[in-house]
Chemist: 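Provided herewith is a single structure, encoded as structure tokens, for subsequent inquiry.
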Amino acid sequence: MASSSFVRDLLTNWGLSEYIKNFEDHKIDEVNLQLLKEKDICKLIPEIGPRAKFIEQLKKYKRQKSRNESKNIQEATSSSASFITAGKTSSGNCQHSTTMGQPSPEKRKSDGDDANKQTKKQKRSAASRKTEILEKRKSDGDDANKQTKKQKRSAASRKTEILDCKKKTEVKKIMESLSSKLEKLTSTKLTDFLRDKFKTLEKDKKKIVGVFGKTGAGKSSLINTILGETKLLPSGSQGACTSVMIQVEANMTNDKYIAEIEFITVQEWEDELSSIVMARTCELGDDEDMDDSNDDEDIITAFYGNVGREKNLEELMDKRCFSNIPEFRSALKKKFHCDTAEELSENIRCFTRSDTQNDAFEPQYWPLVKCITVKVPNSNDLLEHVVLVDLPGNGDCNKSRDEMWKKFVGDCSAVWIVSEISRATSEKECWEILDSTVSLFGNGGECQSISFICTKTDVIEMNQKDAHTNILTRNKTTKKIVRDKFQKRKEVKKHFSGVKDFFKVFTVSSKEYRKRKHLEKEETEIPHLQEFLRNLNDHHTRTSDYISGAYGILSLIQGAKKSNMTDNKDLCESLEKKLNDNLKSIGDSIEESWKVFDRCLSQGVQQSEDSCEKLINNVISPRGKKHGGYHKVVKSLCKHNGIYKPRKNRGKEINLNERLASCMRSSIDEEFKYFFPNDKWGPIRKQIENFTLVATSLIRDHPRWSLHLRFLKMEESELKAGLNYELRKKKKEIYSTLTKSIMQSMHSCYKRASLHTGKDSLKKMKDEIHQHVNVDIFRKAKEDMLVCLTELKNIIVMQLQSKLERSIEISLKTPDSLILPEDVTEDYNKIKKLMDCSSTVTFTSILDTQPTTQSMSGNGKKHVQEHGRPQSSL
């Protein structure tokens, strides 16, 4: 008998998931589903509309199943028929030869040998075809088994999620009740501490998936399809362009589709317009490669129309121009609350895209937009703790947008590079995006996986009869080529440790996922990306974190009511000694990294000094650029602290500071990846994770203080999670220190150079830069990075020391047996039971697709085995 999970998955795919309980209550499975009569269906689905939809889908399912069975029977029959026909043919040939006269014995022998050979050959051919069919059936059976297992895992995952929600809801009710009682109590050291713990109990540090790709690659359609929406994000076209960042997250409060539009400031817009207006009147020479004049006019005409080309700055900034978007001048967010995704999409279209194909002018507001947040209802299973961010490939010339872009890229837990499958292996742009941003999300960020997603796999110029085979064949070939191309990108790979399945390739079709003309759902690989997001969402761990935090608080309350804080002097001294020993161990580990970076950076300083002239000339005097034509680039670079960024993301960013820091960066990249890896535990994080005051044996040896020690155990786990977050954050700051330090050292030089005008101004700007750069700039950058490492050590050690000393004092040295007016034993036991149920979990990691059973620490974090250290220059 087939599992009822089959019916559950079927109803979900048909959009009828609200009736799953009815079917399960009546024990409807795969077999009796096909035996349902109309009256049975009426009982299961009382409403006419959904019932009609179910009946139609059931008919399609039966027809497809019938066709599959007929195909199998025909294959089996054809193999037998081929064999019989072969035998009859050979027999008929022999009989025919005997009735046509009397050939010689030699002739009869020769004919007989030929007939026997032919018969054997036909038998072998029939047997071969039969073997192929059997192998195909076996393969189909294996695929079906894999599909069934995947469906079972998916169903089990959904069941776990439902249970987790119930557990968390139950614990939340308990904690809300206790919190309201606590608020009524007199303020003491203990009650104030508990109030703070209640406020910080639920944390929501969301993981970010950055989605990169050029306009028209299918990013919007991909995101829409993954979320089960057909018209959510406006889709691009050949005439559409935008540099607007769109973040998509779950709406956890109601069933509305919400958009929140954040604008750049009025001053930023005025500065941008001022630059454009000045460029109209300044003739700085012809620049064949980098001229932004057309892009500037596109920005003007998008918002103001063609009449804007003739207006001066004062006219462009007239407040009447912004009457339709009063939020812009008021520094407020513009918000839309819609009942449908399609309605929301229409409302935000003019804020996200420039549609040059419309004949009639309609104002496009995207030049004023900094970022758009879209909140989608009923998407908790994918987006409760995850944010999808549609990102331009190269940042933005607007400073605030560019800073936000860099922050998003640096915060990405996963990166998706999206390209049409027909261009994935030949187009440079998608690979250039990867090359140009890897330093931000690699060593300078926290990315744990990269996925290359080839879209529009259904678009294929071949015989439609063989479309299914041709699509899958091309998908397989493309995946291999893309993987091979990634393996050759050494500058990208040096940022990561090479954990298995770190780089993945998906070949997807949004159209086929919806219509299923040539491909089954699984073959479109959209479900694979949905599963990727579910794993990243990691609902179970978040629930475990919440329950374990609540358990720690209840342990403290229960312990305080049952003790008078006497006779624990030895225990306190033991904990304080262990704390100091652990702090020394962590300090020593960071000190080791300081010594390694000191040595590597010294080498980098020497290399920078030896090659600084070449590094500068590569940026401000590149080969093949006319001196007059490149004037505008150098001038803009000096005006913007060493950075030139083309408008509308045309061309690459030119960053002199990055180039000057490149030798020092190269000298530390390998060691930085070792000490601060994104995809495994480095030495510093390992020290934090291994840090423990309260071992199980300590709780066992001090049963009288077991509740207090359990609270300390929870505090310790929570603190370690917070420190790991702080470590990731500080690590990004440390990596960016070299470039920032050089920019600061060069600031006065850039300012002086930007003031040069008139004849020979280009030469004067270049001379100013060459004269300013010296070894002291590189030495200062080295010292600044080492100072940041020392600050990291101080932050970790001081937080551990101060917070745990306070927790020890509160739990073991603060007598207050009456902190609550009533007993909390019942609540404590409920949460303890739920805590015990969550102590072990089977899950699928993002980076390792093999399910692994792992024990949870007090805060529900997964303990992952540390990989060996890669080869380095140590």
Side-chain angles (χ1 to χ4, degrees), residues 207-238 240-242 244-250 257 341-342 344-345 348-349 352-353 372 374 376 379 381-383 386-393 408 412-424 427 429-431 433-434 449-460 471 474-475 478-479 482 503-537 846:
K207 294 184 177 178
I208 293 176
V209 177
V211 186
F212 297 84
K214 64 180 290 186
T215 301
K219 289 188 295 177
S220 298
S221 295
L222 176 69
I223 293 172
N224 290 346
T225 305
I226 287 172
L227 299 180
E229 303 287 352
T230 54
K231 296 179 180 179
L232 178 63
L233 301 185
S235 296
S237 64
Q238 294 301 317
C241 61
T242 181
V244 174
M245 292 166 283
I246 305 176
Q247 51 179 331
V248 184
E249 56 188 55
Y257 291 84
E342 187 172 1
L344 184 82
S345 180
I348 67 173
R349 181 176 292 275
T352 63
R353 300 196 172 275
I372 297 177
V374 174
V376 186
S379 56
D381 63 324
L382 300 178
L383 298 181
V386 173
V387 180
L388 285 170
V389 187
D390 185 344
L391 289 162
F408 272 133
C412 284
S413 296
V415 166
W416 290 359
I417 306 290
V418 181
S419 175
E420 290 184 50
I421 191 168
S422 59
R423 301 176 182 177
E427 191 174 60
E429 187 167 341
C430 54
W431 294 99
I433 289 172
L434 183 60
S449 75
I450 300 174
S451 298
F452 198 103
I453 302 174
C454 306
T455 59
K456 304 182 182 180
T457 59
D458 55 284
V459 181
I460 191 162
I471 289 171
R474 183 177 66 172
N475 289 354
T478 302
K479 284 185 176 184
V482 171
F503 180 76
K504 290 185 176 183
V505 186
F506 296 92
T507 48
V508 305
S509 170
S510 299
K511 184 177 178 181
E512 283 294 315
Y513 180 79
R514 294 191 300 268
K515 297 186 176 181
R516 279 181 274 179
K517 183 178 179 182
H518 301 301
L519 301 176
E520 293 300 319
K521 260 192 175 182
E522 283 294 320
E523 291 172 328
T524 69
E525 299 197 9
I526 294 291
H528 300 183
L529 293 175
Q530 291 170 333
E531 191 63 24
F532 180 99
L533 291 179
R534 285 191 188 97
N535 289 335
L536 196 61
N537 203 29
I846 299 166

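We count residues from 1, following the sequence as given. Computed from a predicted structure; not experimentally measured.
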Chemist: Between the side chain of N224 and the main-chain N/O of S220, is any donor-acceptor distance below 3.5 Å?
Modeler: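 Yes, because the side chain of N224 sits within donor-acceptor range (under 3.5 Å) of the backbone of S220.
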Chemist: Begin from the C-alpha positions of L434 and F212 and carry the test side chain to side chain contact (heavy atoms under 4.5 Å, CB included) through to its verdict.
Modeler: CA-CA 9 Å; L434 183 60; F212 297 84; over 6 Å; no
Chemist: Just verifying a value: how many Å separate I471 CD1 and L519 CG, rounded to the nearest 0.5 Å?
Modeler: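 Spacing of CD1 (I471) from CG (L519) equals 4.5 Å.
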Chemist: Could you walk me through whether T507 and K479 pass the side chain to side chain contact (heavy atoms under 4.5 Å, CB included) check?
Modeler: CA-CA 8 Å; T507 48; K479 284 185 176 184; 3.5 Å; yes
Chemist: What are the two closest heavy atoms between V374 and L232, and how far apart are they?
Modeler: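 What the structure gives for the nearest pair is CG1-CD1, 4.1 Å.
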Chemist: Can you see which heavy atom on C454 is nearest to which on A424, and at what distance?
Modeler: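 Nearest pair, atom of C454 first, then A424: SG-CB, 3.8 Å.
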Chemist: F452: what forms a ring pair (Phe, Tyr, Trp, His ring centres under 6.0 Å) with it, not counting sequence neighbours?
Modeler: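 If we apply the ring pair (Phe, Tyr, Trp, His ring centres under 6.0 Å) test to F452, skipping adjacent residues, the hits are W431.
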Chemist: Would you call M245 and P392 a side-chain contact if the rule is heavy atoms closer than 4.5 Å?
Modeler: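 M245 reaches P392 side chain to side chain.
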Chemist: Hey, mind stepping through R534 and E531 against side chain to side chain contact (heavy atoms under 4.5 Å, CB included) and telling me if it holds?
Modeler: CA-CA 5 Å; R534 285 191 188 97; E531 191 63 24; 3.5 Å; yes
Chemist: Apply the test side chain to side chain contact (heavy atoms under 4.5 Å, CB included) to residues H528 and E522: give CA-CA distance (whole Å), side-chain angles for both, the deciding distance (0.1 Å), then the verdict.
Modeler: CA-CA 8 Å; H528 300 183; E522 283 294 320; 3.2 Å; yes
Chemist: At what distance, to the nearest 0.5 angstrom, does CG of L233 lie from CD1 of I223?
Modeler: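 Answer for the CG-CD1 pair, L233 versus I223, is 5.5 Å.
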Chemist: Using modelled atom types only, decide if a donor and an acceptor are shared between the side chain of T225 and the backbone of S221 within a distance under 3.5 Å.
Modeler: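 At least one qualifying donor-acceptor pair exists.
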Chemist: Could you give the distance from OG (S510) to CG (D458), rounded to the nearest 0.5 Å?
Modeler: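 With rounding to 0.5 Å, OG (S510) is 8.5 Å from CG (D458).
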Chemist: Any idea which heavy atoms bring F532 and S451 closest together, and the distance?
Modeler: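 That closest heavy-atom pairing would be CE1-OG, 4.2 Å.
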Chemist: For atom CD of E342, is the number of surrounding heavy atoms from other residues, nucleotides or ligands below 6.0 Å larger than 12?
Modeler: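 No.
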Chemist: Measuring from atom OG1 of T230 to atom CZ of R514, what distance do you get when rounded to the nearest 0.5 angstrom?
Modeler: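 It is 7.0 Å, given to the nearest 0.5 Å.
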Chemist: Is K207 reaching over with its side chain to a backbone N or O of S413, donor-acceptor style, under 3.5 angstrom?
Modeler: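 A pair under 3.5 Å: no.
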Chemist: For W416, run the side chain to side chain contact (heavy atoms under 4.5 Å, CB included) check against D390, L388, I450 and tell me which one passes.
Modeler: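 When D390, L388, I450 are each tested with W416, the side chain to side chain contact (heavy atoms under 4.5 Å, CB included) holds only for L388.
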Chemist: Show the nearest heavy-atom pair for residues K219 and G213, with the distance to one decimal.
Modeler: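 Closest approach of K219 to G213, heavy atoms only: NZ-O, 3.0 Å.
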Chemist: Would you please name every residue forming a side chain to side chain contact (heavy atoms under 4.5 Å, CB included) with T455, sequence neighbours left out?
Modeler: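 Counting only residues at least two positions away or on another chain, T455 forms a side chain to side chain contact (heavy atoms under 4.5 Å, CB included) with V418, E420, I453, V508.
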Chemist: Could you report the tightest heavy-atom contact between K521 and P527, atom names first, then the distance?
Modeler: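 Heavy atoms of K521 and P527 come nearest at O-CD, 3.4 Å.
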Chemist: Taking K504 first and then E525, would you say they form a salt bridge - that is, a charged N and a carboxylate O separated by under 4.0 Å?
Modeler: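 No, this pair does not count.
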Chemist: Spell out, as yes or no, whether a donor-acceptor pair under 3.5 Å connects the side chain of E512 to the backbone of K517.
Modeler: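 Looks like yes, one N/O pair under 3.5 Å.
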Chemist: To the nearest 0.5 Å, what is the distance between CD1 (I208) and CD (Q247)?
Modeler: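 I208 atom CD1 to Q247 atom CD measures 7.5 Å (nearest 0.5 Å).
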Chemist: Could you list the residues that satisfy salt bridge (charged side-chain N to carboxylate O under 4.0 Å, His left out) with E229, not counting sequence neighbours?
Modeler: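 Scan of E229 (salt bridge (charged side-chain N to carboxylate O under 4.0 Å, His left out), adjacent residues dropped) gives none.
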Chemist: How close do S509 and I526 get, counting heavy atoms only, and between which atoms?
Modeler: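 Looking at all heavy atoms of both residues, the closest pair is O-CG1, 4.1 Å.
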Chemist: Atom CG in L529, atom OH in Y513: separation rounded to 0.5 Å?
Modeler: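 It comes to 10.5 Å.
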